[in-house]
Amino acid sequence: ASVAGPPDRASLKKELFRLWDKDGDGSLKKAELLQLARATGFDGPEEEWEAEYPEMCREKGCSPEEGLPEDAVMALLDDDSDVGCYFTDAELAEIMREASARSAPSPG
């Protein structure tokens, strides 16, 4: 039997998308996409995100109501230009650990 190595980049991105896509509709809407924004270093208040989100949707050619579809998010994670959100595989794995920890039910 082969030993499974570290997950490949495509798997990491898909898993991360699945963690962020809380309602499972295949798109990241405002609150869901804010998780990605926070991972890229956005630390402004939610009011600021209210203004940023529609702009980001327009840049990516989708409507704020529908959110960013999975393929747009995947492209964003690989885009190392000024408008992208490129992450190395190690960064993706770290973000995923944090996202998993946050989505786990809190003991109570």
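Position 1 is the first residue of the sequence; numbering continues from there.
Glu70 places no side-chain N or O within 3.5 Å of a backbone atom of Gly26 that could act as its donor or acceptor partner. For Glu32 (side chain) and Lys22 (main-chain N/O), a donor-acceptor pair under 3.5 Å exists by modelled atom type. Distance alone, capped at 3.5 Å, places no donor-acceptor pair between the Glu66 side chain and the Ser63 backbone. Between the side chain of Tyr86 and the backbone N or O of Leu76, no donor-acceptor pair lies under 3.5 Å.
Around NZ of Lys60, the count of heavy atoms belonging to other residues, nucleotides or ligands within 6.0 Å exceeds 12. Heavy-atom neighbours of Glu46 CD from other residues, nucleotides or ligands within 6.0 Å: at or below the threshold of 12. Within 6.0 Å of atom CG in Asp80, more than 12 heavy atoms from other residues, nucleotides or ligands are found, so the atom counts as buried in its surroundings.
A 4.5 Å side-chain heavy-atom check between Glu91 and Glu94 finds every atom pair outside the cut-off. With a 4.5 Å cut-off on side-chain heavy atoms, Pro69 and Met74 do not count as touching. Proximity of Cys85 to Asp79: side-chain heavy atoms (C-beta onward) are nowhere separated by under 4.5 Å. Residues Val73 and Leu16 have side chains not in contact (no heavy-atom distance under 4.5 Å, counting atoms from C-beta outward).
Checked against Lys13 for a salt bridge (charged side-chain N to carboxylate O under 4.0 Å, His left out), the options Asp78, Asp8, Asp71 give a single hit: Asp78.
Both Phe42 and Phe87 are part of a single hydrophobic cluster, where members link through side-chain heavy atoms under 4.5 Å apart.
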* Run the side-chain contact (heavy atoms from CB on, under 4.5 Å) check on Asp21 and Arg18 step by step: do they pass? -> CA-CA 5 Å; Asp21 185 18; Arg18 196 181 61 71; 5.9 Å; no
* List the steps and the verdict of side-chain contact (heavy atoms from CB on, under 4.5 Å) for Leu33 and Trp49. => CA-CA 10 Å; Leu33 201 59; Trp49 182 243; 3.9 Å; yes
* To do: Assess whether side-chain contact (heavy atoms from CB on, under 4.5 Å) is satisfied between Leu36 and Leu68, documenting all intermediate values.
  => CA-CA 11 Å; Leu36 169 60; Leu68 249 63; 5.7 Å; no
